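Submitted below is the structure of interest, expressed as structure tokens.
Note that this is a predicted model, so its numbers are computed, not measured. Only heavy atoms go into these numbers, but all of them, side chains included; no hydrogens, no water, no symmetry mates.
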Amino acid sequence: MNNYQPYFDLAELIAKYLRDELTVPEQKELDQWLDASVHNQELFRKLTDETRINQQLEVFSAVEQDKAWEKIAGATGFKKTTITPFKLKQLFPYAAAVVLLLAVGIGLNRYVLKKTTNKPLALHKPDILPGSNKAILTLANGSKITLNDAGNGKIARQQNIVINKAQNGELIYNIDNSLKAARQPKVADLIAMNTLTTPRGGQYEVVLPDGTKVWLNAASSLKYPTSFPGNERKVELAGEAYFEVAKNPAKPFFVKTTNQTVEVLGTHFNISSYGDETSTKTTLLEGSINVANTSGMYLVKLKPGQQAIGTIKGIKINADADVEEAMAWKNGKFMFKNTDLPTIMRLLSRWYDVDVEYQGTIAEKHYRGRISRNVPVSQVFEILKTSGVNFTIIGRKIIVKP
């Protein structure tokens with residue numbers, strides 16, 4: 001007899017997910033299962049598809065429930081008495097998950113094998129691969145280095161600063177102490193500015209001269225000095241980045257964007273400040289930060305788990321921010337939680353380096369789901385197609401239509 005206990009355990013996790021009742025350990029367990037394989041992500045998408053769930057519930061409610069459970073028990077070895085004490089209404093999400101798991105999960109490999117062996121291979125459909133580690137470094141003299149083409153090791157020197165590219169794609173600034181005795185550079189020389197720019201479809205990590213780590217998302221740029229000789233540290237950001245600022249109480253760290261400035265001493269936070277978004281979102285993970293608009297009229301102080309949302313009207317605080325959603329990109333995921341389609345398509349446009357065109361009237365819908373950022377764009381579309389929206393890939397353009 002096969003052991004179907006894992007399927008029932010998984011069904012319970014998914015049912016709790018659908019009811020927003022997952023505990024922190026259960027959410028972690030579900031995340032680990034999702035991260036294990038693309039197959040699990042595809043199965044999860046099917047099991048959380050509202051259309052599929054409603055269809056299963058209609059089927060389940062249309063038959064004699066006792067016989068339905070007897071059929072499941074007969075296939076799995078579970079006794080009917082282990083299920084019937086619960087109210088039927090409470091069982092609906094669980095029942096739908098169980099039925100779908102049995103129909104989709106258990107039989108999926110057999111179905112795929114049969115389909116592969118009995119039918120000719122389908123014609124190749126257009127698809128677009130995800131982004132990767134790529135960026136351009138612009139030095140103080142205006143010369144540019146394409147980092148994804150550069151070899152590992154030392155790629156440039158500016159005064160007593162050596163710029164190295166690590167094997168994992170990380171850009172690291174180190175001070176060469178051997179040059180200090182030979183030549184003491186002027187302060188003006190030390191404040192040479194560099195700019196790290198990621199294109200659409202690119203991301204990169206840099207370790208600044210003070211030890212601060214910055215992860216730069218797609219279609220973003222970070223302007224920074226090759227050293228911080230004064231009594232403060234300043235950088236400029238366009239787009240999105242996650243910062244782990246090296247602590248230095250005597251030298252505060254400032255991040256300037258188009259419409260705000262963030263001041264920290266040493267902490268972890270994420271800033272999303274894209275020009276095509278209506279607001280700048282600053283999410284704090286640990287420590288504390290001050291967020292002010294460019295005029296200085298609005299100033300807020302954030303605590304961990306809070307988010308500052310800045311618009312032309314001012315800055316407001318979301319005291320219960322979804323940190324997991326804000327950090328999804330840095331953790332290699334797309335996470336949609338009641339996210340509208342235009343917002344999703346802007347995310348995809350940046351990460352897959354595509355243009356988006358809308359045709360016809362697209363109904364206003366919101367989406368829930370998560371998927372790896374390391375999959376072709378067609379797999380993301382599978383989540384979105386459940387609402388009746390269609391996507392066509394033509395070159396590097398995505399056409400969205402009803």
Do any N or O atoms from the side chain of Thr146 and from the backbone of Asn148 form a donor-acceptor pair under 3.5 angstrom?
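Side chain of Thr146 to backbone of Asn148: no pair is present.
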
Regarding Asp340 and Lys365, does a basic nitrogen lie under 4.0 Å from an acidic carboxylate oxygen?
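Answer for the salt bridge query: no.
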
Tell me, which pairs form a ring-ring contact (aromatic ring centres under 6.0 Å, His included) where one or both residues lie in residues 357-385, sequence neighbours left out?
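Output for this query lists Phe381-Phe391.
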
Thinking salt bridges, do Glu26 and Lys28 make one under a 4.0 Å N-O criterion?
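Lys28 and Glu26: not salt-bridged.
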
What residues form a ring pair (Phe, Tyr, Trp, His ring centres under 6.0 Å) with Phe243, not counting sequence neighbours?
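Expected list: Phe269.
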
Indicate yes or no for a side-chain donor-acceptor contact from Ser349 to the backbone of Val354 under 3.5 Å, with no hydrogens or angles considered.
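Yes.
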
Go through the steps to decide whether Glu232 and Lys234 satisfy the test salt bridge (Lys or Arg N to Asp or Glu O under 4.0 Å), and finish with yes or no.
CA-CA 7 Å; Glu232 62 184 18; Lys234 285 187 177 181; 3.3 Å; yes

Pair Glu244, Thr212: side-chain N/O donor-acceptor within cut-off below 3.5 Å:
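Judged by distance alone, the side chains do not pair up.
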
Under the side chain to side chain donor-acceptor pair (under 3.5 Å) rule, what pairs show up with a residue in residues 136-145, not counting sequence neighbours?
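As it turns out, the side chain to side chain donor-acceptor pair (under 3.5 Å) pairs with a partner in residues 136-145, which skip direct neighbours, are Thr138-Lys144, Asn141-Ser143.
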
For the residue pair Asn318 / Gln306, report whether a side-chain donor-acceptor contact shorter than 3.5 Å exists.
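The criterion, which ignores hydrogens and geometry beyond distance, is not satisfied for Asn318 and Gln306.
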
Atom NZ of Lys303: over 12 foreign heavy atoms under 6.0 Å
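At most 12 heavy atoms, drawn from other residues, nucleotides or ligands, come within 6.0 Å of this atom.
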
Which atom names give the shortest non-hydrogen contact between Pro402 and Gly360, and what distance separates them?
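Scanning both residues completely, I find the closest heavy atoms to be CD-CA, 4.3 Å.
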
With a 3.5 Å cut-off and no angle check, do the side chains of Glu357 and Gln359 form a donor-acceptor pair?
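On atom types as modelled, these side chains qualify, holding a pair under 3.5 Å.
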
Is there a donor in the side chain of Ser220 and an acceptor in the side chain of Asn217, or the other way round, less than 3.5 Å apart?
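No, no side-chain donor-acceptor pair sits under 3.5 Å.
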
Could you go step by step and tell me if Thr282 and Gln260 meet the side chain to side chain donor-acceptor pair (under 3.5 Å) rule?
CA-CA 10 Å; Thr282 305; Gln260 72 173 33; 2.7 Å; yes

Excluding sequence neighbours, so at least two apart, what forms ring pair (Phe, Tyr, Trp, His ring centres under 6.0 Å) with Trp215?
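Ring pair (Phe, Tyr, Trp, His ring centres under 6.0 Å) check on Trp215 returns Tyr242.
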
Side-chain heavy-atom pair Leu208, Val214 within 4.5 angstrom cut-off
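A side-chain contact under 4.5 Å exists here.
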
Would you tell me whether Thr343 and Arg346 have side-chain atoms, one donor and one acceptor, within less than 3.5 Å of each other?
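Judged by distance alone, the side chains do pair up.
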
With sequence neighbours excluded, tell me which residues meet ring pair (Phe, Tyr, Trp, His ring centres under 6.0 Å) with Tyr224.
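Partners of Tyr224 under the ring pair (Phe, Tyr, Trp, His ring centres under 6.0 Å) test: Tyr173.
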
Between the side chains of Arg373 and Gln203, does any donor sit under 3.5 Å from an acceptor?
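Present: a donor and an acceptor within the cut-off.
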
Could you check Thr197 against Ser221 for side chain to side chain donor-acceptor pair (under 3.5 Å), going step by step and ending with a plain yes or no?
CA-CA 4 Å; Thr197 305; Ser221 68; 4.9 Å; no

Flag yes if more than 12 heavy atoms outside Lys281 fall under 6.0 Å of its NZ atom; otherwise flag no.
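It does not: Lys281 NZ has 12 such atoms or fewer within range.
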
Side chains of Gln307 and Thr283: do they bring a donor and an acceptor to under 3.5 Å?
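Yes, because at least one side-chain N or O of Gln307 sits under 3.5 Å from a partner of the opposite role on Thr283.
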
Side chains of Leu171 and Ile163: closer than 4.5 Å at any heavy-atom pair?
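Sidechains of Ile163 and Leu171: in contact.
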
Which residues share a side chain to side chain contact (heavy atoms under 4.5 Å, CB included) with Lys316, sequence neighbours left out
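Partners of Lys316 by the side chain to side chain contact (heavy atoms under 4.5 Å, CB included) criterion, ordered by chain and then number, come out as Ile309.
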
Walk me through it: do Asp210 and Arg233 pass the test salt bridge (Lys or Arg N to Asp or Glu O under 4.0 Å)?
CA-CA 9 Å; Asp210 66 333; Arg233 298 169 286 172; 2.6 Å; yes

Just by distance, do the side chain of Asp127 and the backbone of Ser378 share a donor-acceptor pair under 3.5 Å?
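Yes; judged by distance alone, with no hydrogens or angles, the pair exists.
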
Determine, for Trp351 and Arg200, whether the Lys NZ or Arg CZ falls below 6.0 Å from the six-membered ring centre while staying within 45 degrees of the axis.
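The answer is no; the distance or angle limit is not met.
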
Residue Lys330 excluded, over 12 heavy atoms near NZ under 6.0 Å
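Yes - once you tally the heavy atoms of other residues, nucleotides and ligands closer than 6.0 Å, there are more than 12.
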
Counting only heavy atoms from other residues, nucleotides and ligands, does the tally under 6.0 Å from CG of Asp149 exceed 12?
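Atom CG in Asp149 is crowded, with more than 12 foreign heavy atoms closer than 6.0 Å.
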
Using only atom types and a distance under 3.5 Å, with no angle test, would you say the side chain of Tyr204 pairs donor to acceptor with the backbone of Leu196?
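Not at all, since once roles are kept as given, no pair shorter than 3.5 Å links the two residues.
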
Set out, in order, the CA-CA distance, both residues' side-chain angles and the distance that settles salt bridge (Lys or Arg N to Asp or Glu O under 4.0 Å) for Asp276 and Arg350, then state yes or no.
CA-CA 11 Å; Asp276 57 356; Arg350 296 178 198 126; 2.7 Å; yes

Pair Asn194-Gln158, side-chain donor/acceptor within less than 3.5 Å:
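Checked: Asn194/Gln158 side chains pair up, N/O donor to acceptor below 3.5 Å.
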
